[in-house]
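Read the structure below first, then the notes.
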Amino acid sequence: MEMSGEQQIPASQEKVWEALNDPELLRKCIPGCDSLEKTADTEMSATVTAKVGPVKAKFKGEVTLSDLNPPKSYKISGEGKGGVAGFAKGSADVTLSESGDGTLLSYEVNAKVGGKLAQLGNRLIDSTAKKMAEEFFSNLNRELGGTPVAGKDEPLEAVELDQGLIEEAKSIANEHAIEGSVEAMADAEHALEDAVKDVEEKVEVAAGKGFLGGPLGWGLMALVVLIALYWLL
């Protein structure tokens with residue numbers, strides 16, 4: 001899918017360029033962005049929670065800046081995977097030009113969604129992608145003290161889903177929730193294993209020093225601690 005738009009920003013071209021290269025400001029502007037960390041001069045890792053119709057998924061991926069022509073233009077690209085929900089990737093060609101007392105930001109976006117999310121229908125996917133792109137550039141405008149240009153696309157609430165798509169969406173959402181639960185259980189299990197190992201090491205050291213009656217006393221204490229850990233986790 002392709003889309004384009006522009007925002008009039010009351011800031012100099014240089015200031016807008018700096019904002020477009022600031023990871024913290026980009027994190028605030030990207031809809032649903034949970035984290036954005038710079039890993040190289042032109043690369044960042046990101047975690048974004050996005051909602052497509054009734055399906056909400058967490059995507060983990062990379063953001064890359066390319067075709068840099070400061071302070072006039074660049075391309076920002078991103079690709080993320082959302083587990084059973086599928087994947088999303090896209091890019092935006094951003095151009096800055098002087099306009100009156102500020103800067104005119106123009107953008108052309110290409111986006112693609114695959115996997116089970118793509119089964120929700122092109123109309124819904126297109127509307128969501130356009131809404132997110134529009135929200136990102138509107139947020140950027142607002143962060144720089146401007147008044148965002150209102151979008152002309154239909155609201156997501158107006159996009160109708162037939163019963164088959166609704167059931168498919170519920171299935172995707174349930175699978176994603178189960179996957180998240182499995183990951184959480186695995187993390188808890190690993191945490192428990194690390195805690196048990198730590199206790200065992202401390203018991204061996206303390207027992208060797210003869211504290212609290214030597215090995216027998218520390219063995220009983222270790223048993224109590226391990227039981228408590230299993231109950232807590």
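Worth knowing before you read on, the calculation uses all heavy atoms, side chains too, and leaves out hydrogens, waters and symmetry mates. When a residue number appears, it is its place in the shown sequence, counting from 1.
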Applying a strict under-4.5 Å side-chain criterion to I, L, V, M, F, W and Y, I'd like to know whether [X] and [Y] cluster together.
| X | Y | value |
| --- | --- | --- |
| V16 | L65 | yes |
| Y107 | M132 | no |
| L104 | V109 | no |

Quick check for you: to the nearest 0.5 Å, what is the distance between [X] atom [atom1] and [Y] atom [atom2]?
| X | Y | atom1 | atom2 | result |
| --- | --- | --- | --- | --- |
| E108 | S91 | CD | OG | 10.0 Å |
| E37 | M44 | CD | CE | 11.5 Å |
| L96 | E6 | CG | CD | 12.5 Å |
| L144 | L105 | CG | CG | 9.5 Å |
| D101 | S12 | CG | OG | 11.5 Å |
| E135 | R142 | CD | CZ | 8.5 Å |

Practice item. Would you confirm whether Q8, through its side chain, and S99, through its main-chain N or O, come within 3.5 Å as a donor-acceptor pair? Key: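 Yes: the side chain of Q8 pairs with the backbone of S99.
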Measure across [X] and [Y] and return the closest heavy-atom pair with its distance rounded to 0.1 Å.
| X | Y | value |
| --- | --- | --- |
| T103 | A11 | OG1-O, 2.7 Å |
| L36 | P23 | CD2-O, 3.3 Å |
| S138 | P148 | O-CG, 3.4 Å |
| A92 | F137 | CB-CZ, 4.4 Å |
| K28 | E143 | CD-OE2, 4.1 Å |
| F59 | A50 | CE1-CB, 4.0 Å |

**Study point:** Side chains of K60 and T47, donor plus acceptor under 3.5 Å
**Key:**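 Not at all, the side chains of K60 and T47 share no donor-acceptor pair under 3.5 Å.
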Close side-chain approach of [X] to [Y], heavy-atom, < 4.5 Å:
| X | Y | answer |
| --- | --- | --- |
| V63 | L26 | no |
| P10 | N141 | yes |
| L140 | L25 | yes |
| Y74 | T42 | no |
| K72 | Q13 | yes |

Review point. For E14, does the CD atom sit with more than 12 other heavy atoms under 6.0 Å from it, leaving out its own atoms?
Key: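 Buried by this count: over 12 neighbours within 6.0 Å.
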Exercise for review: May I ask you to say whether K15 pairs ionically with E18, meaning some side-chain N is under 4.0 Å from a carboxylate O?
Suggested key: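 Between E18 and K15 there is no salt bridge, as every charged N stays at least 4.0 Å from the carboxylate O atoms.
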